[in-house]
Amino acid sequence: MSLFADLLSTIFDRRADAAPRLRRDPRALPELVKELLEARSETVAAVLARHVMQRYDGMTAAEKFEAFRGLAALNVDAEAVRAALGAYEAEPSGRSYRAFMAAAEPPRAELLRRLNMVPGATERLVRMRADLLRLGRGEPELEALDEDFRHLFKSWFNRGFLVLRPISWESPAHVLEKIIAYEAVHAIQSWDDLRRRLAPPDRRCFAFFHPAMPDEPLIFVEVALTRGIPGSIQGLLEEQRAPLDEASADTAVFYSISNCQPGLAGISFGNSLIKQVASDLASALPGLKTFVTLSPIPGLVRWLEEQGVSIDPDDAKRMNQLAAHYLLTAKRGDGQPRDPVARFHLGNGAMVHAVHAGADTSENGQRQSAGAMVNYLYDLAKVEQYHDRFAISGEVIASSAVKALSAGREKAQA
């Protein structure tokens, strides 16, 4: 961690330790919120913010839902916004622009900033947004409230504030416990399983942290150093495998990427994480020439069922054709790839490099993709070019081998 991040973490920790415990304020939550928004003293505002957060932490799900509805009501005054915009159009100046910006920002956004004055509040606000996403789905007013959370979090969790830290078997136990809990792709079954992923010389793990949440990983990636591009997750995670000397590796395989905080959904970290890790590994290990993923295809089985296509996982050639065809042609209504993992990696500037039938024999792998997996290739010299092509035209960049498999499926259908 950088010296600056260490300093911030120390300050946050001391503030949290020094914060006195508060007796419960008997006033209703709306009254506390109103007083907090009107407070002119930073000290008074900090105390009120702690009372509001304390009250929220003790609420039931139903009470939180009503609290969110109250926050959503702290909306912009549309008439005031129109008047301020008219004044700015009539006479553009710093003063009229500030007036417009003040009118255009809802009071609830300022409330969230003031709540963040509480020691440890950033993490608690992330959890609050997780509650909002869970409770407010399908509620237009609460979805609008979430836009204010997203807007603030995009600033607070800007890449410039994030710290990339390696996770090893020597990392603190409380961090390792969270890696086990947050692993979302290939479940970590035990401490021995975790050790196999972190301790050998051909394994790496990296995570982004934020100074306001120094013990909470935001996202992490597990990396295997290999010779050649693997086509099976079982081989990578095999218990009795012989570790490879890192100096002999020519390929870095990103085989699991896990977002850790539901309250940060929609705040993109993965793009920066993969590119930073790939760059750091290339510098540390010059023998690495290839950077790929070994990724699930979570939407494949459902799509095939919708198409009325029978699935035979034992027919490797057919499964590879189906997987390739799905990745290259299945789209959502907005023209984006239907598969969420494909959208993520293609949006980062990767290309579909190869598909592998029978690559994931786990129950989850069979249910989602009939065992098929895919390599996305990150060509560090071309990721920006590929990103632009995908972003501008929606083009799915793929290897000639994958294109041939997809074409073979189309020919079989004709």
Once rounded to the nearest 0.5 Å, what's the spacing between atom CD of Glu183 and atom CD of Gln189?
10.0 Å
Strictly distance-based, threshold 3.5 Å: is any side-chain N or O of Arg409 a donor or acceptor partner for the main-chain N or O of Ala323?
no
Measure the spacing between CD of Glu246 and CG of Leu244 and express it to the nearest 0.5 Å.
9.5 Å
Contact list for residues 386-399, test salt bridge (charged side-chain N to carboxylate O under 4.0 Å, His left out), sequence neighbours left out
Arg389-Glu395
So which pairs with a foot in residues 251-279 pass salt bridge (charged side-chain N to carboxylate O under 4.0 Å, His left out), sequence neighbours left out?
Lys275-Glu384
Locate the shortest heavy-atom distance separating Asp250 from Arg227; write the atom from each residue and the value.
OD1-CA, 3.3 Å
Sequence-distant partners of Gln261, side chain to side chain contact (heavy atoms under 4.5 Å, CB included), two or more places apart:
Val126, Tyr182, Met213, Glu216, Leu218, Leu264
Measure the CE-OG distance between Met101 and Ser96 for me, rounded to the nearest 0.5 Å.
12.0 Å
Distance only, no hydrogens: is a donor on one side chain within 3.5 Å (strictly under) of an acceptor on the other, for Asn271 and His387?
no
Report yes or no: does Glu143 contribute a side-chain atom to a donor-acceptor pair with the main-chain N or O of Gly138 at less than 3.5 Å?
yes
CZ (Arg197) and CG (Leu237) are apart, to the nearest 0.5 Å, by 5.0 Å
Arg165 NZ/CZ over Phe209 ring centroid, <6.0 Å and within 45° of normal
yes
Does any pair with a residue in residues 106-127 pass salt bridge (charged side-chain N to carboxylate O under 4.0 Å, His left out), and if so which ones, sequence neighbours excluded?
Asp57-Arg124, Glu105-Arg113, Arg108-Asp148, Glu110-Arg113, Glu110-Arg114, Glu123-Arg127
Does Asp193 come within less than 4.0 Å of Arg196, counting only side-chain N to carboxylate O?
yes
Using salt bridge (charged side-chain N to carboxylate O under 4.0 Å, His left out) as the criterion, list what pairs up with Arg69, not counting sequence neighbours.
none
Which donor-acceptor pairs under 3.5 Å do side chains of residues 344-354 form with protein atoms, sequence neighbours excluded?
| from | atom 1 | to | atom 2 | distance (Å) |
| --- | --- | --- | --- | --- |
| His345 | ND1 | Tyr378 | OH | 2.8 |
| Asn348 | ND2 | Phe344 | O | 3.4 |
| Asn348 | ND2 | Tyr378 | OH | 3.3 |

Give every residue pair that meets the salt bridge (charged side-chain N to carboxylate O under 4.0 Å, His left out) criterion with at least one member in residues 361-383, sequence neighbours excluded.
none
Distance-only, no hydrogens or angles: does the Ser283 side chain make a donor-acceptor pair with backbone N or O of Ser279 under 3.5 Å?
yes
Can you check whether Leu198's main-chain N or O pairs, donor with acceptor, with Arg203's side chain at less than 3.5 Å?
no
Applying side chain to side chain contact (heavy atoms under 4.5 Å, CB included) to Asp360 and not counting sequence neighbours gives His186, Ile233, Gln234, Ser362, Met373
Under the salt bridge (charged side-chain N to carboxylate O under 4.0 Å, His left out) rule, collect the residues that match up with Arg241, sequence neighbours excluded.
Asp202
When the side chains of residues 80-87 are checked against the rest of the protein, which donor-acceptor pairs come out under 3.5 Å, sequence neighbours left out?
none

Regarding Asp215 and His174, is there a side-chain donor-to-acceptor distance under 3.5 Å anywhere?
yes
Quick check for you: to the nearest 0.5 Å, what is the distance between Met59 atom CE and Phe68 atom CZ?
9.0 Å
Indicate every side-chain donor-acceptor pair of residues 298-308 with a distance under 3.5 Å to a residue at least two apart or in another chain.
| from | atom 1 | to | atom 2 | distance (Å) |
| --- | --- | --- | --- | --- |
| Glu306 | OE1 | Arg338 | NH1 | 2.8 |
| Glu306 | OE1 | Arg338 | NH2 | 3.0 |
| Glu306 | OE2 | Arg338 | NH2 | 3.0 |

Would you compute the distance between atom CG of Asn320 and atom OG of Ser406 and round it to the nearest 0.5 angstrom?
12.0 Å
Side chain to side chain donor-acceptor pair (under 3.5 Å) involving Thr122 - partner list, sequence neighbours excluded:
Asn116
Ring geometry between Phe157 and Phe153 (parallel below 30°, tilted from 30 to 60°, perpendicular above 60°):
perpendicular
Parallel, tilted or perpendicular: which describes the rings of Phe161 and His210, with under 30° parallel and over 60° perpendicular?
tilted
